[in-house]
Trainee: 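Mind having a look at this structure? Questions to follow.
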Amino acid sequence: MARLAQTAGLTDVQQEILSTVRDFVDKEIIPVATELEHRDEYPQAIVDGLKELGLFGLMIPEEYGGLGESLLTYALCVEEIARGWMSVSGIINTHFIVAYMLKQHGTQEQKDHFLPRMAAGDIRGAFSMSEPALGSDVSAITSKAVKDGDEYVLNGQKMWLTNGGTSSLVAVLVRSDEGHPEGTAPHKSMTTFLVEKEPGFGEVRPGLTVPGKIDKMGYKGVDTTELIMDGLRIPADRVLGGVTGRGFYQMMDGVEVGRVNVAARGCGVAQRAFELGVRYAQHRHTFGKAIAQHQAIQFKLAEMATKVEAAHAMMVNAARKKDSGERNDLEAGMAKYLASEYCKEVVEDAFRIHGGYGFSKEYEIERLYREAPMLLIGEGTAEIQKMIIGRRLLEEYRFQG
C-alpha cells in the first residue's frame, strides 16, 4: 500500500523510525485492535511496546533522554499508529502536548524533574482545559486557584481528559486572579498547574478525584475522564513556567501541536479506511465481476484516495511550519479541519463499499465508522477551526480603503 501519503525530503533516520513504527502497527496493533476496542480494554501490551521503542520520548530533547525528533516525525508516527488504532495515538498525543509545553515554557527545574521520566515513559502526561459547562470557550473556565502561602488551593471540575486515569502528570488550566486586577481579560488571568498524581481512579491524591471512565460511542480503550479538584494543594513551584497569568498562551501553543496530531490521526484513519475499501472491492463480486470493476466503485475509490493525499499534504505542511519556528495556527487549523472532514467522508465511503457487511462488528470498518466522529470535535470543532482560519486570513490579507 505504498503509493498514497508519501512524504518527500525525509532523512534516513526519519525513514527508519517510520518503518519501525509501521512494522509495529502491522504486527502488534492491527491484529488485536478491534477485539480490544469492543471490550473497551486499555491496550497495556501495546503501550509497553511503544515504551520499548522509545516513542514516549520521540520529541523530547536528547539532553533529557529523548530522541529529539521534530513535530513532523511525530505526526507521521501518529499517522501510522492511528492507521492501526486511533485510541493508541490518543494515549501518546496528550503525553506529548504536556512534554512540549514543559520543553517550551517550563522552568529549568521543571524540565529537569519531569522530562527524563517522561522520555522513558515512566511518567505519562495528560492535559485539561474543558469543563462540564464549556468546551471551546476557554475564557469561561470557572475552576480556580487561590494563593495560600507557598501553595495554591485548586477547586473545580474538569472534563474530557484523555489519559485521565492512566496518567501521572496532568497540566491543568484554571483561573488565578492573584496579581491580576479586576477587569483583566480572562485569558490573561489563567495559569497552568503541573499536577502530579497516582494513576488510577477514585481519590488519586488528597483533594483530587478521577471518578471513572466516561462511556463513549467510539475512541474506546483509552480512558477519558473527569477531574474533580476539592481543596487540592499544589506547591507554587508547580506553576508552569513559574509565573501566573500565562496559562492560556501556554495551552494554545500546546493545542497547535495537538491540532497537527488530530490531523495526523484523521490521515491515518482515512488511510486504513481506504485500504479496507479497496481490498474489499477487489474480493467482493456482483453481477459476475469484482465490484472494483464497476465504474461507480472506481469513482468512490478515486475520491477517497484523493482526499487521503490532500489531507496528508496539509498535515505535513502544518508540521513543517511549526518545526520552522513560525506561527502555524492557520496551517494547523486548515489541516485539522480538512483531515477530520475528509476522514469522516472516506470512512463512510469505505462503509458503503462494504454494504451490509460494514454494519457487522466482524468487519474492521464498523470500528472506524464509530471512531471518525471524535476527530470532528477533538482539539476544537470544525466551526472553531473556521473561525481561526477566517481571522488569520483577515490578518494576512488586510486591504486599505
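Here the structure is a predicted model, which is why all the values come from computation and not from measurement.
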Trainee: So do the side chains of Lys51 and Asp122 get within less than 4.5 Å of each other, counting heavy atoms only?
Mentor: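 Contact flag for Lys51/Asp122 side chains = yes.
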Trainee: Are Thr209 and Glu203 close enough that a side-chain donor and a side-chain acceptor fall under 3.5 Å?
Mentor: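 Result is no, nothing qualifies.
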Trainee: Is the backbone of Leu4 close enough, under 3.5 Å, to the side chain of Gln6 for a donor and an acceptor to pair up by distance?
Mentor: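 The answer is yes, because a donor-acceptor pair under 3.5 Å joins these two groups.
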Trainee: Using side chain to side chain donor-acceptor pair (under 3.5 Å) as the criterion, list what pairs up with Glu151, not counting sequence neighbours.
Mentor: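 Listed in chain order: Arg233.
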Trainee: Salt bridge or not for Glu331 and Lys322, using N-O below 4.0 Å?
Mentor: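 Lys322 and Glu331: not salt-bridged.
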Trainee: Could you tell me whether a side-chain N or O of Lys386 sits under 3.5 Å from a main-chain N or O of Tyr337, the two making a donor and an acceptor?
Mentor: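 Looks like no, no N/O pair under 3.5 Å.
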Trainee: Checking Thr286 against His294: is there a side-chain donor and acceptor pair closer than 3.5 Å?
Mentor: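 The criterion, which ignores hydrogens and geometry beyond distance, is satisfied for Thr286 and His294.
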Trainee: Can you tell which of Gln282, His283, Arg284 makes a side-chain contact (heavy atoms from CB on, under 4.5 Å) with Tyr280?
Mentor: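 It is Arg284; the other options fail the test.
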Trainee: Just do the side-chain hydrogen bond (donor to acceptor under 3.5 Å, both in side chains) check on Glu366 and His38 with the steps written out, would you?
Mentor: CA-CA 11 Å; Glu366 180 271 344; His38 286 165; 3.3 Å; yes
Trainee: Is atom CD of Glu52 surrounded by more than 12 heavy atoms (other residues, nucleotides or ligands) closer than 6.0 Å?
Mentor: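 Not buried by this count: 12 neighbours or fewer within 6.0 Å.
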Trainee: Please check if the number of heavy atoms outside Gln44 that lie under 6.0 Å from its CD is greater than 12.
Mentor: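 Buried by this count: over 12 neighbours within 6.0 Å.
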Trainee: Strictly distance-based, threshold 3.5 Å: is any side-chain N or O of Ser19 a donor or acceptor partner for the main-chain N or O of Gln15?
Mentor: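 No, the answer is negative, given that no donor and acceptor are paired below the 3.5 Å cut-off.
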Trainee: Under 4.0 Å between a Lys/Arg side-chain N and an Asp/Glu carboxylate O for Arg352 and Glu348?
Mentor: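 Yes.
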Trainee: Going from CD1 on Ile81 to CD1 on Ile92, what distance comes out if it is rounded to the nearest 0.5 angstrom?
Mentor: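 Reported to 0.5 Å precision, the distance equals 3.5 Å.
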Trainee: For Glu198, does the CD atom sit with more than 12 other heavy atoms under 6.0 Å from it, leaving out its own atoms?
Mentor: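 No, the 6.0 Å shell around CD holds no more than 12 heavy atoms from other groups.
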Trainee: May I ask you to say whether Asp223 pairs ionically with Lys213, meaning some side-chain N is under 4.0 Å from a carboxylate O?
Mentor: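 Here Asp223 does not pair with Lys213 in a salt bridge, since their nearest N and O are not under 4.0 Å apart.
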Trainee: If you compare all heavy atoms of Asp26 against all heavy atoms of Arg83, which two are closest, and at what distance to 0.1 Å?
Mentor: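 Nearest heavy atoms, Asp26 then Arg83: OD1-NH2, 2.6 Å.
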Trainee: Nearest 0.5 angstrom please: Ile141 CD1 to Arg175 CZ, how far?
Mentor: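 Reported to 0.5 Å precision, the distance equals 8.5 Å.
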Trainee: When you measure from the side chain of Arg22 to the backbone N and O of Glu80, does any donor-acceptor pair fall under 3.5 Å?
Mentor: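 Side chain of Arg22 to backbone of Glu80: no pair is present.
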Trainee: Short question: side chain of His95, backbone of Met118 - any donor-acceptor pair under 3.5 Å?
Mentor: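 Yes, the answer is positive, given that a donor and an acceptor are paired below the 3.5 Å cut-off.
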Trainee: Calculate, to the nearest 0.5 Å, the distance between atoms CZ and CD belonging to Phe201 and Glu226 respectively.
Mentor: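 Rounded to the nearest 0.5 Å, the CZ-CD separation comes to 11.5 Å.
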Trainee: Does the distance from a Lys or Arg side-chain N to an Asp or Glu carboxylate O, for Glu345 and Lys307, drop under 4.0 Å?
Mentor: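 Salt bridge between Glu345 and Lys307, a charged N being under 4.0 Å from a carboxylate O: yes.
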Trainee: For the pair Arg272 and Glu275, evaluate salt bridge (Lys or Arg N to Asp or Glu O under 4.0 Å) and give the outcome as yes or no after the intermediate values.
Mentor: CA-CA 5 Å; Arg272 185 59 181 165; Glu275 291 172 9; 2.9 Å; yes
Trainee: Checking Ser176 against Thr191: is there a side-chain donor and acceptor pair closer than 3.5 Å?
Mentor: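 The criterion, which ignores hydrogens and geometry beyond distance, is satisfied for Ser176 and Thr191.
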Trainee: Would you name the heavy atoms of Ile291 and Ile353 that are closest together and state the gap between them?
Mentor: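 Closest approach of Ile291 to Ile353, heavy atoms only: CD1-O, 3.8 Å.
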Trainee: Quick one about Glu371 and Trp85 (side-chain donor to acceptor, distance below 3.5 Å, no hydrogens or angles considered), yes or no?
Mentor: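 Per modelled atom types, Trp85 and Glu371 side chains form a pair under 3.5 Å.
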Trainee: Under 3.5 Å, side chain of Lys220 to main-chain N/O of Lys216, donor-acceptor pair present?
Mentor: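 Such a contact is found between Lys220 side chain and Lys216 backbone.
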Trainee: Going by atom types only, do Ser168 and Lys197 share a side-chain donor-acceptor pair under 3.5 Å?
Mentor: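 No, no side-chain donor-acceptor pair sits under 3.5 Å.
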Trainee: Check whether any side-chain N or O of Arg117 sits under 3.5 Å from a backbone N or O of Ile123 as a donor-acceptor pair, and report yes or no.
Mentor: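 Checking the backbone N and O of Ile123 against the side chain of Arg117, no donor-acceptor pair under 3.5 Å is found.
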Trainee: How close do Leu36 and Pro43 get, counting heavy atoms only, and between which atoms?
Mentor: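 Of all heavy-atom pairs spanning Leu36 and Pro43, the closest is CD1-CB, 4.2 Å.
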Trainee: How far does OH of Tyr363 sit from NE2 of His354, to the nearest 0.5 angstrom?
Mentor: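 With rounding to 0.5 Å, OH (Tyr363) is 7.0 Å from NE2 (His354).
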Trainee: Run the numbers on His312 and Thr7 for side-chain hydrogen bond (donor to acceptor under 3.5 Å, both in side chains), then give the verdict.
Mentor: CA-CA 9 Å; His312 175 84; Thr7 310; 2.8 Å; yes
Trainee: Does a side-chain heavy-atom distance below 4.5 Å link His113 with Glu196?
Mentor: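 A side-chain contact exists here, since the closest heavy-atom pair is under 4.5 Å.
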Trainee: With a 4.0 Å cut-off, would you call Lys300 and Glu303 a salt bridge?
Mentor: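 Salt bridge absent between Lys300 and Glu303.
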Trainee: Can you see which heavy atom on Ile388 is nearest to which on Asp329, and at what distance?
Mentor: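 So the minimum-distance heavy-atom pair works out to CG2-O, 3.9 Å.
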Trainee: Classify the ring geometry of Phe359 against Phe351: parallel below 30°, tilted from 30° to 60°, perpendicular beyond 60°.
Mentor: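 It falls in the perpendicular class, over 60°.
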Trainee: Let me confirm one number: the CZ-NZ distance from Arg327 to Lys321, rounded to the nearest 0.5 Å.
Mentor: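 These two atoms lie 11.0 Å from each other.
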Trainee: With no hydrogens and no angle check, is any side-chain donor or acceptor of Gln110 less than 3.5 Å from a backbone partner on Thr107?
Mentor: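 Yes; at least one donor-acceptor contact below 3.5 Å.
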Trainee: How long is the span from the CG atom in Leu227 to the CH2 atom in Trp160, to the nearest 0.5 Å?
Mentor: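 Here the interatomic distance stands at 14.5 Å.
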Trainee: Which heavy-atom pair separates Thr192 from Ala171 by the least distance, and what is that distance?
Mentor: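 In terms of heavy atoms, the two residues are closest at CG2-CB, 3.9 Å.
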Trainee: Can you see whether Ser167 engages Arg124 through a side-chain donor-acceptor pair at a distance of less than 3.5 angstrom?
Mentor: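 The answer is no; no qualifying pair exists.
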Trainee: Which heavy-atom pair separates Thr225 from Ile214 by the least distance, and what is that distance?
Mentor: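 Looking at all heavy atoms of both residues, the shortest contact is C-CD1, 3.9 Å.
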Trainee: Which class fits the ring pair Phe96 and Tyr74: parallel under 30°, tilted 30 to 60°, perpendicular over 60°?
Mentor: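 Correct class here is tilted.
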Trainee: Answer yes if the side chains of Glu131 and Thr142 hold a donor-acceptor pair under 3.5 Å, and no otherwise.
Mentor: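 A donor-acceptor contact under 3.5 Å links the two side chains.
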Trainee: Can you confirm whether more than 12 heavy atoms, excluding those of Glu109, are under 6.0 Å from its CD atom?
Mentor: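 Count over threshold, so yes.
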Trainee: Determine whether a donor-acceptor pair (N or O, by modelled atom type, separation under 3.5 Å) exists between the side chain of Glu309 and the backbone of Ala5.
Mentor: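 Present.
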Trainee: Could you check whether any side-chain N or O of Lys336 sits under 3.5 Å from a backbone N or O of Gly380, counting only pairs where one atom can act as donor and the other as acceptor?
Mentor: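 Yes: the side chain of Lys336 pairs with the backbone of Gly380.
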Trainee: With a 4.0 Å cut-off, would you call Glu395 and Arg391 a salt bridge?
Mentor: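 Arg391 and Glu395: not salt-bridged.
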